[in-house]
Student: 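Have a look at this one.
What you see is a predicted model; the values in this text were computed from it and never measured.
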Protein chains: 2
Amino acid sequence: MQTSSKLALRQTLLDHIAQGNLIPGASLPSERSLALRFQMSRNAVREVMQGLQQEGWIEVRQGGRSRCVNRLQSYMEHGQSIETSLSHQLDVLEARAFLEGETAYFCALRASDQELDALAQEYRAMLQRRKGQSTLLKAKADLTFHMMIAESSHHLLLISYSQLFYERYFNAIHEVLSTTLKRYGRYPDGISQQHEKIHQAIQARRPDQARLEAKEHILYTRRLLEAT
Amino acid sequence: MQTSSKLALRQTLLDHIAQGNLIPGASLPSERSLALRFQMSRNAVREVMQGLQQEGWIEVRQGGRSRCVNRLQSYMEHGQSIETSLSHQLDVLEARAFLEGETAYFCALRASDQELDALAQEYRAMLQRRKGQSTLLKAKADLTFHMMIAESSHHLLLISYSQLFYERYFNAIHEVLSTTLKRYGRYPDGISQQHEKIHQAIQARRPDQARLEAKEHILYTRRLLEAT
DNA sequence: TTACCCCAACTGGTCTTACCAAAAGTATTG
DNA sequence: CAATACTTTTGGTAAGACCAGTTGGGGTAA
């Protein structure tokens, strides 16, 4: 009976990870609370956690919370240099186009109602904030919006990839935005409209439409940069 | 302090395995005794054991003792059919020639004095028993002698390999012995002499000599079979 | 307001004790 | 000698206590 509890706990946690409820970096419930919820001793919980840790799913530190791990990390450990060349930025945007399309697709498909509400709220806040702020903050707000979409996709691979992508290529993305803003003085109408279209498609739960809009949005940005 | 104990215990066990003191199939000390010996809680011991189990070093069953595992097992899981054809038997003997040579070498090099005594005792017993017994028992006695040499080699890879070898190819080996005995009516003098030479070389702790004799011993058997 | 620091609560790490369940060993019995 | 029943041993689980870091919030000072 207790052995099945251990398996149940393990499976539950793995499911949460696989389904994107426990995204990389998110903290797991404490051992004590899990023991309580699953009606098992903390001892048994620890053994499950240790197993998951050993398999590279979670990260455990004394005192701190246990965290879900981004398993793609090791695949990105090559080449620390973040290129700022034009060709590299174009490459980044090409990859991002695919990524954004898929995350938008799965977000529209899988996001919970609460997540959609939160997304709408963040979107409105982004519109407000956009009026008078530094380029850096605008870029951050932009990324936050896109990251929320990614996190609501409940797609482990996409979430992991997005995290690393934004972490690693933030400078490149910021550069693009900076260049674009410098040229137009403000967000081009195209970009604002595209954000709006993406958001509407997601809220309407139209996955294919969301994918199309998101992909086009990035490719539009790419064309702007390319025209330099 | 306790963390270092865990690492120490883990390293100690792994060392014992690597050095052939804990051969595959051998049982480990109980959790309670290890906790006592290493001055740590049984809890901590269990975590170490579980780690080793997860990495495939040991096998744990409730009630029974924990056992060291033969990690080569999975590499030998192909082809269940034990061929008794001549060509296959010759192949087996060729592989065995190398194996016996190496085990004899490391046995002469690394065996403890107690192990050499036990080997001498087994050798004498084998000589006595050889006089009037079934072919099957003679084959078993022969394999026991060779297996003792392998176990005294303190060479994890050779021990693991020998175990699987004898387990899997016992029938083939028995067949060879049976054919040989049928033809000569008894152990050929060559074989007895070779056993004697191997044993003496090991007891004299002359590794190269032991390897030479052991290899020659098997190749001699192989030639006998080949001459069929 | 902002930045910093400190302390209480929280979380993982370990130890102890007790009891259960399965295997292994031992004595008994046919 | 073999089969059986009993006892011991061993791993599995639980509960409680305490230690050792981390976290986060409130207070203080700049």
Student: With E100(A), which residues qualify under salt bridge (charged side-chain N to carboxylate O under 4.0 Å, His left out), at least two apart?
Tutor: R96(A)
Student: Scan residues 48-56 of chain A against DNA chain C and write down, sorted by residue number, each residue with any heavy atom closer than 4.0 Å; if none is found, say none.
Tutor: none
Student: For the side chain of E47(B), starting at C-beta, report the closest nucleotide among dT14(C), dT13(D), dG12(C).
Tutor: dT14(C)
Student: In whole Å, what is the span from the CG atom of L36(B) to the P atom of dC15(C)?
Tutor: 13 Å
Student: What pairs meet the side chain to side chain donor-acceptor pair (under 3.5 Å) rule with one or both residues in residues 55-68 of chain B, with sequence neighbours excluded?
Tutor: Q54(A)-E55(B), R10(B)-E55(B)
Student: For E196(B), which residues count as a salt bridge (charged side-chain N to carboxylate O under 4.0 Å, His left out) partner, sequence neighbours excluded?
Tutor: none
Student: Does the separation of the ring centres of H16(A) and H154(A) fall below 6.0 angstrom?
Tutor: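 Judged by ring-centre distance (under 6.0 Å), H16(A) and H154(A) do not meet the cut-off.
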Student: Could you please name the option among dT14(C), dT10(D), dA15(D) that lies closest to any side-chain atom of S30(B)?
Tutor: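 Selected nucleotide: dT10(D).
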Student: My understanding is that only residues two or more places apart in sequence, or in another chain, count here; which of them pass salt bridge (charged side-chain N to carboxylate O under 4.0 Å, His left out) with E102(A)?
Tutor: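 With sequence neighbours excluded, E102(A) shows a salt bridge (charged side-chain N to carboxylate O under 4.0 Å, His left out) to R211(A), given in chain and number order.
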Student: Are any of K6(A)'s side-chain N or O atoms less than 4.0 Å away from OP1 or OP2 of dT13(D)?
Tutor: yes
Student: Any salt bridge (charged side-chain N to carboxylate O under 4.0 Å, His left out) involving residues 104-113 of chain A? Give me the pairs, sequence neighbours left out, ordered by first then second residue.
Tutor: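 Sorted pair list: D113(A)-R205(A).
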Student: When we call it a touch if two heavy atoms are under 4.0 Å apart, what does E59(B) touch: a base, just sugar-phosphate, or nothing?
Tutor: nothing
Student: Mind checking what makes side chain to side chain contact (heavy atoms under 4.5 Å, CB included) contact with S162(A), not counting sequence neighbours?
Tutor: L99(A), T103(A), M147(A), A150(A), Y166(A)
Student: Report yes if at least one side-chain N or O of S66(B) is closer than 4.0 Å to OP1 or OP2 of dT10(D); otherwise report no.
Tutor: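 So the side chain of S66(B) is outside the cut-off, no N or O lying under 4.0 Å from OP1 or OP2 of dT10(D).
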Student: Test: ring pair (Phe, Tyr, Trp, His ring centres under 6.0 Å). Region: residues 99-124 of chain B. Which pairs qualify, not counting sequence neighbours?
Tutor: F106(B)-H155(B), Y123(B)-F145(B), Y123(B)-H199(B)
Student: When you measure from the side chain of R46(B), which nucleotide among dG12(C), dA14(D), dG12(D) comes out closest?
Tutor: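 Looking only at side-chain atoms, R46(B) lies closest to dG12(D).
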Student: Taking protein heavy atoms under 4.0 Å as touching, what does nucleotides 18-23 of chain D look like 5' to 3' if B marks base contact, S marks sugar-phosphate-only contact and - marks none?
Tutor: B-BBSS
